[in-house]
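Here the structure is laid out as structure tokens; the discussion comes afterwards.
Position 1 is the first residue of the sequence; numbering continues from there.
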Amino acid sequence: TDTKIYLAITLKCFYSQKHQIYKTEPQFTEKYFTQTLDHFNFNSMGNGTFSQRYLITDKHWKKGYGPIFFYTGNEGDIWEFALNSGFITELAAQHRALVIFAEHRYYGRSLPFGKDSFNIPQISLLTVEQALADYSVMITELKQQLAATDCPVIVFGGSYGGMLSVYMRLKYPNIVAGALAASAPILSTAGLVDSRQFFHDVTADFESIAPECRKAVRGAFHLLKELAEFQDYDRIQSEFALCKSPSSAQDIHQLNGLLRNAFTVMAMLDYPYSTHFMGSMPANPVKVACDTMMSGSNLLVNLRNTAGIVYNATGVLTCFDLYSLYLECADPTGCGLGFNSMAWDYQACTEINLCYESNNVTDMFPPMPFTERDRELHCSQRWAVVPRPDWLKTQFWGDGISSASNIIFSNGDLDPWANGGVRKSFSSSLIAINISGGAHHLDLRSSNDADPVSVINARKREADIISQWIKMDRTRLQQLP
């Protein structure tokens with residue numbers, strides 16, 4: 001998703017940039033909440049707890065009265081999302097709201113068992129259900145501590161975080177008055193969408209710039225395939241500036257995955273201005289990529305330079321290390337790097353179903369199948385688990401959500417995750433907002449002069465709906481005995 005989003009990038013530069021941003025961002029205070037390890041088994045961990053990080057700002061809050069805007073954290077460091085979701089704080093200024101960004105267990109610094117968190121069986125407490133319980137307990141206890149028991153709570157989230165916002169409203173409507181779920185692929189991650197859809201939609205983004213762009217990308221991958229068939233590994237190393245010469249079909253498979261992932265990242269982050277979210281990205285990166293792909297006659301060099309937009313944004317890399325820049329995992333769209341990648345791989349091996357494939361027919365990428373059987377093999381070897389492909393449909397309603405209420409599903413048509421989400425309204429309180437020219441949860445970002453009119457209008461509509469939810473919940477709370 002976002003997810004998984006959390007994709008291969010050159011982390012040294014990324015983290016140095018990120019921490020510089022933190023130092024200049026005084027708005028949020030970083031705190032830790034003493035959280036229950038296992039909400040559902042009273043014996044397994046006794047009364048064990050861990051420290052769960054959250055970010056909070058009461059800059060705009062009318063204490064004890066203003067609503068609480070709560071971000072349901074994703075598969076990554078919570079600062080990344082707080083610093084790239086400025087619409088929430090803009091809305092908080094209008095509503096005099098308290099804002100909380102909660103970090104998901106097993107990500108960032110919220111590691112229940114420290115460095116041992118990714119051992120078996122400690123990893124077993126990483127589930128969607130535990131994360132939702134974390135957020136519900138945190139909201140309830142912080143409301144008590146802050147004398148805010150009568151303050152309506154609205155949850156927000158983007159990508160996987162948006163899925164969690166939906167699930168919070170389904171599972172804990174007693175705690176959450178409404179949810180804004182931006183770019184939340186609740187259908188595709190439940191196995192309800194064609195497995196070819198995702199990479200078809202990535203391809204469509206580049207084809208929309210120019211049909212010749214798709215043709216150039218397909219042609220470059222075809223040349224790479226021919227070189228690999230002749231085992232001309234030295235030429236491949238030279239053309240792609242690889243740190244080591246490939247020497248096997250597995251190395252070529254890894255190279256194809258790394259290259260395909262770069263296009264996925266650019267399609268997701270195709271914002272109309274430069275960003276520092278999951279790495280540094282120029283404005284309109286899909287157009288930049290197509291210009292690069294069509295910039296000369298050497299398609300292999302063009303493909304390398306296009307991938308470099310993602311993997312070498314700073315230009316400091318002198319060569320590409322196949323196995324450190326990109327990790328193959330149970331999510332074909334990328335798991336990221338480091339501890340976060342391990343956590344997301346485990347989730348993609350258990351509840352989150354991400355069996356997406358490219359085939360070179362409905363998309364421009366090499367044929368790279370990822371079937372339920374492929375998923376089972378990887379997950380049994382890596383985590384000793386057998387995935388449950390239908391679990392999200394059972395536990396979180398799948399496409400049978402018509403009896404739910406007070407959820408906004410927003411999606412941008414540039415986002416390859418969009419067609420894995422809800423694109424049509426179910427009712428007057430289950431509302432789909434489609435954003436023309438919008439990339440991955442663009443509506444959650446701060447207002448920007450380069451914003452398309454569509455996202456300005458979408459935010460206005462979201463704000464109006466959320467205002468109604470707040471009024472409704474105030475009335476409900478006042479009527480309680």
Side-chain angles (χ1 to χ4, degrees), residues 66-72 85 87-88 90-92 94-95 97 99 128 132 135-136 139-140 143 150-190 192 392-413 415 417-435 438 441-444 454-480:
I68 297 171
F69 293 167
F70 187 95
Y71 187 95
T72 52
S85 303
F87 171 63
I88 298 171
E90 291 174 6
L91 197 60
Q94 296 175 31
H95 286 281
V99 179
V128 171
L132 298 177
Y135 296 151
S136 299
I139 290 169
T140 302
K143 286 181 77 173
D150 291 335
C151 298
V153 177
I154 308 296
V155 289
F156 298 76
S159 197
Y160 171 55
M163 292 168 56
L164 295 176
S165 289
V166 173
Y167 302 157
M168 283 288 288
R169 177 61 186 167
L170 299 182
K171 185 85 170 175
Y172 299 103
N174 55 315
I175 294 173
V176 171
L180 171 54
S183 302
I186 63 166
L187 303 181
S188 61
T189 54
L192 292 167
L392 285 186
K393 282 187 284 188
T394 302
Q395 176 75 327
F396 296 110
W397 306 17
D399 57 358
I401 60 172
S402 58
S403 59
S405 64
N406 290 11
I407 304 173
I408 299 168
F409 302 94
S410 66
N411 285 285
D413 64 359
D415 183 11
W417 292 101
N419 287 321
V422 175
R423 306 298 302 272
K424 294 181 180 179
S425 298
F426 279 83
S427 69
S428 60
S429 66
L430 290 176
I431 303 156
I433 296 178
N434 294 301
I435 303 168
H441 47 73
L442 172 63
D443 50 325
L444 291 187
S454 58
V455 78
I456 296 170
N457 292 337
R459 291 186 187 124
K460 174 68 167 61
R461 190 175 175 203
E462 290 165 357
D464 290 344
I465 295 167
I466 288 168
S467 294
Q468 294 172 22
W469 292 345
I470 292 169
K471 290 176 184 176
M472 288 167 55
D473 204 55
R474 283 202 196 289
T475 301
R476 180 188 68 84
L477 290 166
Q478 289 168 2
Q479 292 173 348
L480 291 175

Check step by step if side chain to side chain contact (heavy atoms under 4.5 Å, CB included) holds for Leu170 and Trp397. CA-CA 9 Å; Leu170 299 182; Trp397 306 17; 3.6 Å; yes

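- Side-chain atoms of Ser165 come within 3.5 Å of backbone atoms of Gly157 as a donor-acceptor pair (strictly under, hydrogens ignored).
- Remark: the backbone N or O of Ala179 is not paired with any side-chain donor or acceptor of Arg169 at under 3.5 angstrom.
- Taking CD1 of Ile466 as the start and NE2 of His95 as the end, the distance is 7.0 Å to the nearest 0.5 Å.
- The distance from the CG atom of Leu180 to the CD atom of Glu462 is 4.5 Å, given to the nearest 0.5 Å.
- Phe87 meets the ring-ring contact (aromatic ring centres under 6.0 Å, His included) test with no other residue; sequence neighbours excluded.
- For Lys171, the side-chain contact (heavy atoms from CB on, under 4.5 Å) partners at least two apart in sequence or on another chain are Gln395.
- Leu187 and Gly421 make their closest contact through CD1-O, 3.4 Å (heavy atoms, listed as atom of the first residue, atom of the second, distance).
- With contacts defined as side-chain heavy-atom distances shorter than 4.5 Å, the pair Val422/Ile407 does not qualify.
- Between Lys393 and Leu192, the shortest heavy-atom contact is CD-CD2, 3.4 Å.
- Between atom CE of residue Met163 and atom OG1 of residue Thr189 there is a gap of 3.0 Å, rounded to the nearest 0.5 Å.
- Within the structure, no pair that satisfies the salt bridge (Lys or Arg N to Asp or Glu O under 4.0 Å) test touches residues 419-429, not counting sequence neighbours.
- Ion pairing of Asp473 with Arg476 is present here, as a side-chain N (NZ or NE/NH1/NH2) and a carboxylate O approach within less than 4.0 Å.
- Tyr71 places no side-chain N or O within donor-acceptor distance of the main-chain N or O of Ile88, the cut-off being under 3.5 Å.
- In this structure the side chain of Ile186 reaches within 4.5 angstrom of the side chain of Ile401, judged on heavy atoms.
- Of the options Val155, Val176, Val153, a side-chain contact (heavy atoms from CB on, under 4.5 Å) to Ile68 is made by Val153 and by none of the others.
- Leu164 has its side chain within reach of Val128: a pair of non-hydrogen atoms, C-beta onward, lies under 4.5 Å apart.
- By the 4.5 Å heavy-atom criterion applied to side chains, Val166 and Phe396 are not counted as neighbours.
- Listed by chain and number, the residues in a side-chain contact (heavy atoms from CB on, under 4.5 Å) with Asn457 are Val453 (sequence neighbours excluded).
- A 4.5 Å side-chain heavy-atom check between Tyr167 and Leu392 finds at least one atom pair inside the cut-off.
- Atom CD1 of Ile465 sits about 5.0 Å away from atom CZ of Arg461, to the nearest 0.5 Å.
- No donor-acceptor pair under 3.5 Å is formed between the side chain of Ser454 and the backbone N or O of Ile435.
- Nearest heavy atoms, Arg474 versus Gly66: NH2-CA, 4.0 Å.
- Ala177 approaches Asn406 most closely through the heavy-atom pair O-ND2, 2.9 Å.
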Do His441 and Ser410 pass the side-chain hydrogen bond (donor to acceptor under 3.5 Å, both in side chains) test, and can you show the C-alpha distance, the side-chain angles, and the key distance before you say yes or no? CA-CA 8 Å; His441 47 73; Ser410 66; over 6 Å; no

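- Remark: the backbone N or O of Val455 is not paired with any side-chain donor or acceptor of Asp443 at under 3.5 angstrom.
- Residues satisfying the ring-ring contact (aromatic ring centres under 6.0 Å, His included) test with Phe156, not counting sequence neighbours, are Phe69.
- Once rounded to the nearest 0.5 Å, the distance linking CE of Met472 with OG1 of Thr475 reads 8.5 Å.
- Between Asn411 and Ala184 the shortest heavy-atom distance is OD1-N, 4.2 Å.
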Let me check something: any side-chain donor-acceptor pairs from residues 425-433 under 3.5 Å, sequence neighbours excluded? List them with distances.
residue, atom, partner, partner atom, Å
Ser425, OG, Ala432, N, 2.9
Ser427, OG, Ser429, N, 3.3
Ser427, OG, Leu430, N, 3.2

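- At a threshold of 4.5 Å between non-hydrogen side-chain atoms, the residues Asn434 and Phe409 do not count as touching.
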